[in-house]
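Heads up: the structure comes next, in structure tokens.
Chain A is the first sequence line, chain B the second, and so forth, proteins listed ahead of strands; every chain is numbered from 1.
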Amino acid sequence: MNQLYNHREIEKKWQDKWDNAQVFKSATNPKNKKYVLDMFPYPSGSGLHVGHPEGYTATDIYCRYLKMSGFDVMHPMGWDAFGLPAENYAIKMGVHPKVSTEQNIKNFTRQVKSFGFCYDWEREINTSSPEYYKWSQWFFLLLYKRGLVYKKKAPVNWCNSCNTVLANEQVVSGKCERCESEVVKKDLEQWFFKVTAYAEELLSNLEKLEWSDALKIMQRNWIGKSNGAEIDFQIKDSDKLIKVFTTRPDTLYGATYMVLAPEHSLVNELKDKIENFDEVAKYIEITNKKSELERTELNKEKTGVELKGILAINPVNQKQIPVYISDYVLGSYGTGAIMCVPAHDERDFEFAKKFNLPIIKVIESDEKFNENNAMELSGTMINSEEFNGMKSEEAKEKITRRANGKLTTQYKIRDWLVSRQRYWGAPIPIIYCDTCGTVPVPEKDLPVLLPDDISDFRPTGKSPLETSPSFKNVKCPICGKDARREYDTMDGFVDNSWYYYRYLDPKNEQEFCSKDNIKNWMPVDTYVGGSEHAVGHLVYSRFFTKVLRDAGYLDFDEPFLKLINQGLILGEDGQKMSKSRGNVVNPDEVVNEYGADSFRMYEMFMGPLEDSKPWSTDGIKGQRRFLDKVFQYFYNFQYGENKDDKLLNLLNKTIKKVSDDIENFRFNTAISSLMIYFRELSKFEKLSKEYIDNYIIMLSCFAPHLAEEIWEKLGNKDFVCLQNWPKYNAELARDEKIKLPIQINGKLRDTIEVDAEIDEEKLKQLILSREKIKKYADGHEVLKFIYVKNRICNIILK
RNA sequence: GCCGUGGUGGCGGAAUUGGUAUACGCGACGGACUUAAAAUCCGUUGAAGGCAACUUCUUGUGGGUUCAAGUCCCACCCACGGUACCA
């Protein structure tokens, strides 16, 4: 009689039991700590995506394994609840963001809990709660105190649909990462965090992290370090200078013109001297109207306008060269102005061709130099007076000195724009007083609460906080006179740049986290999440940690030692899951129909964690089938005294394989070995405890509910998740007899079972006397006999 | 364009890091059970040829190194991800 495995009953039962017994509570005084962190989710309105439990199952298996192996594990979960998605959802549904966020968190909690993950729920955090965002505001003040926050009017990314500014990291190929509308530039006064102050360290410390090379390279490119020189060009008949940054000071003798970014301040300063200012002004206006996307469009023909009447003087040879403005020069990088060497820079070359500017070669290289291209390699100097004949690399420093320039370094990374003209975020803790100016809110007055007396959260381009009378007016903390608060709120990324500290001390009202707790648990040993945060969250978190270190709160440099990026789970059609494609898989339905254990097993079995892979409903059925068989087998099983050497050998191999695989996050092959062992195991009716218990313990990481149920059925006390992880015995895992493949001239012709310790000469005799081999070998001379121990044998015949 | 990752059966993938390619799972086909279907169980399953034992071919393409290549080297093609005139 087949006994059905009732996942709904069993999973609920064990989740409650774990809860009541508080088995996943983390230690207060860890000796042997491991901090395993998941990227916490945005509690969006659409509920959990099947991609979430992929990473969460991976860390869950790992944590269960670590616990059973004797480690004190920190494994928390929480909600990244502030930010645009939560607010946009609330506006759409016509409710207060607080209400919808609470609903969503409730739903997410139910969903996450349905998988039986071993989180310590007492540490749950919610970034939109005042107890949490008080400390986000405190971080703002800490940075302010340390000179790492400033307010500046600057051209910033503006999303016309979300009606707010965006950080560079939130602009994806010229579009808003949230709503995909085109992003335009606007001149606005905004708050920035000075991430650039740590650019060099953010770059150099990457080396000591156990992150994938791909991810490190992404960060390296984002930080974008370039070594070069700053050189001043005097403007003729003026006391003004054009300062340029170049990575190729060696090409200075080849500079035939200069270009300023259209937004460069010199353009206005030189207004009176520019003979064609009308034309120039028109060009600037057209540029301003362009969206970021249009301006950076690929293969666009170069445009620009000469500043007539303006000439710059090359500091090395006093040559007078024309000055242009063009949108191929960015105002935000370097000095916003460049010297142009068309012979040795592709973009300058294109521009020079179009405007008929002279092209002077100053470097020769062995490589062939096509007349339709710029030669961008290094080589030997020519046309450069006393530097001729010198290696160009060597000339860089010498020419810089000759030009009175200085060697410098530039980074692509920009300071982090943190102001948002939206409601659902932590208010920026700043007060504006007519007498005292910009005044930070005193720490004792934190948190600055989000006001409740706002009815309309729709984005208008100005923060909705401005419409709240209770929020707006405040007394100046210094002089006590009437003042007003900053209306803008902070980017949600501010909240999630430090959440991994708060988990360690979530109820502390005096500090963001006590020093003891930081010492006990940080840094994070293993961090798992999607690669979409490669340059945003992961850069900001590293920045926050470095600031905390310099402020004396901690003594390490990096928050996340090891990082694993799980791949995307695609729809059954191989495309990215989306509502419009109709290929979204709802985890609730899957858990309800097949159970959390089947879901967990399936997602781990799909393939390597890091890979993107398509969902398959048949695939999850297969896992359910396997678990059914396991349940079936153990349902009526009773321990006996029976032993079997072959099975014991396989058990020890399986323990080794599964342990290694879990430590390296290779869960697909771990499950495969668990299946292979079960196939052999199930051939026996009775077996002694070790064949069974060790197996159930291993299985409990992957299918914890089922494993507990079987464990209990077999009459065992206590939870299976509190058992010790099995140790493998190398002696028992070794094979005495091995199957050896035999090749003749590299082709497989035979296999032979031999003693593992057989010596080569004996083996050779044995093999050459075999009928199958004789058939090939007779009449041929054996040129070579290759034996790779326990691997293969290859006979080379003449 | 540049940078990165990857191309293995009908599908997801495995391969001890240079040593029996296709483990494990899915699907498909055949059989058992059933009035029938589902579920379950047993068997077959890279391709081609042969009644057969067996033979030949096969890891994106083309070369190379080696006793031996999915794995190493060179060239190319394709897919995915990142980036976007960064001077």
Does A:Arg248 make a side-chain N or O approach to OP1 or OP2 of B:A87 shorter than 4.0 Å?
no
Do the side-chain N or O atoms of A:Arg625 get closer than 4.0 angstrom to the phosphate oxygens (OP1, OP2) of B:C26?
yes
Treating A:Glu610 as the side-chain partner and A:Ile564 as the backbone partner, does any N or O pair qualify as donor plus acceptor under 3.5 Å?
no
Report yes if a donor N or O on one partner sits less than 3.5 Å from an acceptor N or O on the other, where the partners are the side chain of A:Arg791 and the base of B:U16; otherwise report no.
yes
For the side chain of A:Tyr776, counting heavy atoms from C-beta on, which of B:A14, B:U55, B:A87 is nearest?
B:U55
Under 6.0 Å between ring centres: does that hold for A:Tyr5 and A:Tyr635?
no
Return the 5'-most residue of the pair A:Gly331, A:Asn168 with respect to RNA chain B, ranking by each residue's nearest nucleotide.
A:Asn168
Would you say A:Glu207 has more than 12 foreign heavy atoms packed within less than 6.0 Å of its CD?
no
For A:Phe192 and A:Trp416, I'd like to know if the aromatic rings sit close, meaning centre-to-centre distance below 6.0 Å.
no
Once you apply a heavy-atom cut-off of 4.0 Å, does A:Gly334 come out as touching a base, just sugar-phosphate, or nothing?
nothing
Just compare B:C85, B:G25, B:A23 and give me whichever is closest to any side-chain atom of A:Met675.
B:G25
Plane angle bin for A:Tyr257 and A:Phe351 - parallel if under 30°, tilted between 30 and 60°, otherwise perpendicular
parallel
Under 6.0 Å between ring centres: does that hold for A:Phe599 and A:Trp615?
yes
With hydrogens left out and only the distance checked, is there a donor-acceptor pair under 3.5 Å joining A:Lys621's side chain and the base of B:C26?
no
Relative to the 5' end of RNA chain B, which residue comes earlier, A:Pro741 or A:Val535, by the nucleotide with the nearest heavy atom?
A:Pro741
Syn or anti for B:G13 (syn when the glycosidic angle lies within 90° of 0):
anti
Just the dot-bracket of RNA chain B, please: which string comes out with Watson-Crick or G-U pairs under 3.5 Å, [ ] for crossing, | for another strand?
(((((((..(((......[....)))((((((.......))))))((((....))))..(((((..]....))))))))))))....
Out of B:A14, B:U20, B:U83, which nucleotide sits closest to the side chain of A:Trp222?
B:U83
Report yes or no: is there a donor-acceptor pair, N or O only, under 3.5 Å between the side chain of A:Asp618 and the base of B:C26?
no
Can A:Lys225 be said to sit on top of A:Tyr411's aromatic six-ring, NZ or CZ under 6.0 Å from centre and within 45° of the ring axis?
no
